[in-house]
Amino acid sequence: MVQQSIGERVLRKEDLRFITGKGSYTDDINLPGQAYACFVRSPVAHAIIKGMDISTATAADGVIAVLTGEQVAEDGLGSLPCGWMVHSKDGSEMKQPFHPVMAADKINYVGEPVAIVVAETFLAAKNASELVEIDYEEIDAVVDISSAQSAADIYPEVPGNTVYNWELGEKADTEKAIREAAHVTRISLTNNRLIPNAIEPRAAIADYNTGTQDLTLYTTSQNPGLARLILTAFVQIAPEHKLRIIAPDVGGGFGSKIFVYSEETALAWASKKLGIPIKWTAERSESFVADAHGRDHVTEVELAMDEEGHFLGLHVKTIANMGAYLSTFSAAVPTYLYGTLLAGQYKTPNIYVEVDAVVTNTAPVDAYRGAGRPEAAYLLERIVEVAAREMNLDPVEIRRRNFIAPSDFPYQTPVALEYDSGDYEASLNKALEMADYDGFSERKKEAASRGKKRGIGFSCYIEACGLAPSQLAGSLGAGVGLWESGEVRVNATGTVTVLTGSQSTGQGHETTFAQLVASKFGISIDDVEVIHGDTGKLDFGMGTYGSRSLVVGGSALSKAADKVIAKGKKIAAHMLDSDVEDIDFEDGEFRVRKSNQSKTFQEIAFAAYVPHDYPLEELEPGLSEKAFYDPANFTYPAGTHICEVEIDPDTGVVDIIKFTAVDDFGIIINPMIVEGQVHGGIAQGIGQALLEQCIYDETGQLLTGSYMDYCMPRADDLPSFEVGMTCTPCTHNPIGAKGCGEAGAIGSPPAVINAITDALGIMEMDMPATSERVWRAMQQAGGA
Amino acid sequence: MYEFTYHKPQTIKDAISLFAKADDGIYLAGGHTLIPAMKVRLRAPTDVIDLSALDGLSGIHEESGALVIGALTTHDAVATSEVVARAIPALNKLAAGIGDAQVRNRGTIGGSVANNDPAADYPAGLMALDATIRTDRREISVDDFFTAMFETALEEDELIRSVSFPIVESATYIKFPSPASRYATVGVFISRQGGQVRVAITGAAACVFRCTEMETALSNNFAEDALDSIQLNADDMNGDMHASAEYRAHLCVVMAKRAVASLL
Ligand SMILES: Cc1cc2nc3c(=O)[nH]c(=O)nc-3n(C[C@H](O)[C@H](O)[C@H](O)COP(=O)(O)OP(=O)(O)OC[C@H]3O[C@@H](n4cnc5c(N)ncnc54)[C@H](O)[C@@H]3O)c2cc1C
């Protein structure tokens, strides 16, 4: 039998099809009679649409129709909604600009769709898209976040370009702590704007059947169930029972495929209007301008300490860029996924955070791997490092002094969250050992003898995963519940079909979930098939983001599997002529306690569907169970990342020599998959720290619109990572898992920047730490 | 990409006459500059004339003190060529540092030279090695060839057949790649022959150039510290979001010193 238990490095079931080209992505799907769409996008960032002439485009070869934002408005399609309502300090609701599916009268960012050309071929659609004539009257663009609040209003409904000013924590107490402290460390920093760059660009096919009036939308989604709810309840594209969303294989998302965008919405609307299937696949240059971007904060932080470096108060003031519209999750990212994380791993008694969210004439900004938590971890781990230097404390020692101790759990932070479990010293100690911290000063000397500046940097991050307890989320403004659904169908021959509302974008759900269920039943993972990504097959589900798949989706499956076992016991009791209380289930067998009488899992499954010897009076036939799981709390993965760099003083080039990550993800199902997640996350985090930067010029043109200019991390930019684990199980979900999908991207950026500032003996360095930035910092610090 | 007509001529003569007949013809070699530009619709030729079937445009050989590389020779063929390694190993290194494996398997020396991208690697090699560009109709000295950003002395329909590099005593190429595109932010090629030093710099300015200050300094004293006092004028350099003019000017000297050090 194939390995099956929890904790084993089972090879991924899905990889055979992925690496042999047998995957089926949205663009691989072609429907009979399908037409192709090309979007006409605004070349300017801020303008009034004075006029539009579609006559030449409509008459062009192969064109079926040209549909415009004006027609969208005429048809009364709703605003693309933001799923979270955040309230300002004064209790008022956040200010939301209307987010049209396609712009009708005003443009608010470069790349905003204004029309859709539907044609017999993609080439015809694309050619005709150039024939749509639009008269734009340009307005000065608002691009810079620091000055956005004093710039002219982009929308009358968003005065001061400010969506909300939100706060969390005790202001007066925190200010008092800062006033009275022995020492206060102050820094300002930016969290650089990133472009997600999933390997598979977004794509969709909308197929409206005029006979049945069913609308099927194939799309690159991380959450088909949520997408259906939004398209039904908010945009009102089709009634929920007539709308089916299929997300086939999805090639990466990192958040960018959570959201419901203009394109698939416009496609669904156009297919319904024209009565034909319509396909669209983003070109890479469209992905750059039209996928929601990530991060983009400017922040000022103050940390108050006593003489020994104990943290007394943390004060954070952030301006967060929302871009031109509030994308699906955007409002929650710099608030509930950010401010709530500012305790970190530390017992800071007073914390106050204030966030102004602003609109600008740039692409919408939303959740991107980590979503708010990387921004929180970055500022906290940066200021702790600077504080250590100002206090003449070892950066490790200052952290130890302030850690929440294992005996403090459950720990209530001053910023709303209650941590259930953790052992921060354990991860730190293991990381120090793996990174050989004791040998660092020798290595620094040796590097100096080669003319290199060597530095070491730490990051003891925490995050909140497993989104989310629905009632808590609801009280914070979430528009939806955040449970997950799961179904375990045992087939008559004892194989199992598992259905989950979680949606893989490459994480390996088909393996992890199979392993989870197989180990519950004591069967081979080859006998378990995982199905996801089709609202026509599944119960309503909430999808994958916030490292929630295993924690929430897996817990639902675990509950469903428990129900199967409970029913199996009743069947076994009948067949073995015993009391249910006396039946144990272990290693795939239902056994009468203290006897050698047993039935295999497969025998019970067969009996359930061929109920000849079966308690039909008390029990329905069949062996298929469902569960919905709503988490009791968030989960709190945490760990220590240590980065060691060498800097070339002549060029400023930063070379990451060693990167150590020790994480506590609670119980791990498949360490190989988890390590893969950590590796990918660290690669993205190092990308943010050293290479990636989305740049708009002052007119709102995207300068980094291709890989010539937007620098993605590549294998040769990265060292071989040293990854270790510690484990304190989550106390409130049935698996004990905490989630691992984002930790790498959350923990790594501050470790990298702290290592660079350590190497150079400086306090400040913005991301990305390009060679020129580092070179200039060295010039400023008095030459190399 | 717009629609276009594809041609695959068998002779140079046919290629040139196809070019003459086309509304807006263009030659296609490895396609690794042309095709991306066509895909994003920055180029819209009516006729694409594929050179791959033409005889005698690829291959590498030595010819009376010179290394001759056919225009259609791929970067990978140059990078891995033993003939190149015996004659001018610096060109192995240069070609091995272009793009990635996919690019090197398709991209050609002729395409790179004809394109004259200000950040391309080959132009520095040609310039520092005093190469001659052989076309279907003439030979052009490199000092006359690279005229301006993306411009050369080639006539519209002129075809590069090969590039001839005089074999020198020693040479090397040091590149500071742009982390995003991996083209040269700055690339410095230095060659030595009979006390003469030629230094060519790519990536730094609008067009590859010979750095006469460095040449003079190094001809007098071929040592790293001969470059200590050299400061290139940032006003002559490119500045963009990846590297300011000032930083590029600084990198030119750093890379030149490294090149010198590796030749000592
Ligand atoms: C991802 C990527 C990374 C790259 N990185 C680098 C790099 O690091 N360094 C670098 O130097 N380059 C780099 N390049 C460019 C690459 O080297 C190109 O292959 C090269 O510049 C053009 O050669 P080609 O054979 O592909 O030419 P093509 O794209 O086919 O043609 C380019 C131009 O040259 C003309 N042309 C081609 N052959 C001839 C000829 N024999 N006579 C006259 N005209 C001709 C064509 O008409 C066209 O105008 C990169 C390209 C890509 C796509």
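Proteins come first, then strands; the chains are lettered A, B, ... in the order of their sequence lines, and each starts at number 1. Scope of the values below: all heavy atoms of this structure, side chains included, with no hydrogens, waters or symmetry mates. Because the structure is predicted, anything quoted here is derived from the model rather than measured.
- Between B:Leu251 and A:Trp775, every side-chain heavy-atom pair lies at or beyond the 4.5 Å cut-off.
- Contact of A:Ser706 with chain B is not made at all, since no heavy-atom distance falls under 4.5 Å.
- Within the 4.5 angstrom heavy-atom criterion, atoms from both the backbone and the side chain of A:Thr651 approach chain B.
- Using a 4.5 Å cut-off between heavy atoms, A:Asp697 makes no contact with chain B at all.
- Other residues, nucleotides and ligands contribute only 12 or fewer heavy atoms inside 6.0 Å of the CD1 atom of A:Ile199.
- Heavy atoms from other residues, nucleotides or ligands lying under 6.0 Å from CZ of A:Arg773 number more than 12.
- When all heavy atoms of B:Tyr247 and A:Ser771 are compared, the pair lying nearest together is OH-OG, 2.8 Å.
- In this structure, B:His250 NE2 and A:Gln779 CD are separated by 6.0 Å, a value rounded to the nearest 0.5 Å.
- Residue A:Leu691 touches chain B through its side chain alone, counting heavy-atom pairs closer than 4.5 Å.
- Ion pairing of A:Asp650 with B:Arg258 is present here, as a side-chain N (NZ or NE/NH1/NH2) and a carboxylate O approach within less than 4.0 Å.
- Counting all heavy atoms, side chain and backbone alike, A:Leu703 lies closest to B:Met241 at O-CE, 3.3 Å.
- Neither the backbone nor the side chain of B:Thr185 comes within contact range of chain A; no heavy atoms are under 4.5 Å apart.
- When the candidates B:Met255, B:Arg41, B:Glu3 are compared by the number of heavy-atom contacts under 4.5 Å with chain A, B:Arg41 comes out ahead.
- The two residues A:Met708 and B:Ala180 have their closest heavy-atom pair at O-CB, 3.4 Å.
- Taking a cutoff of 4.0 Å between a charged side-chain nitrogen and a carboxylate oxygen, A:Arg776 and B:Glu246 qualify as a salt bridge.
- Of the listed residues (A:Leu123, A:Asp709, A:Ile695), the one with the most heavy-atom contacts under 4.5 Å to chain B is A:Asp709.
- Contacts between B:Met1 and chain A at a heavy-atom distance below 4.5 Å involve the backbone alone (N, CA, C, O).
- Between the side chains of A:Glu130 and B:Tyr2, a donor-acceptor pair is found at a separation under 3.5 Å.
- When all heavy atoms of B:Val40 and A:Ser285 are compared, the closest pair comes out as CG1-OG, 4.4 Å.
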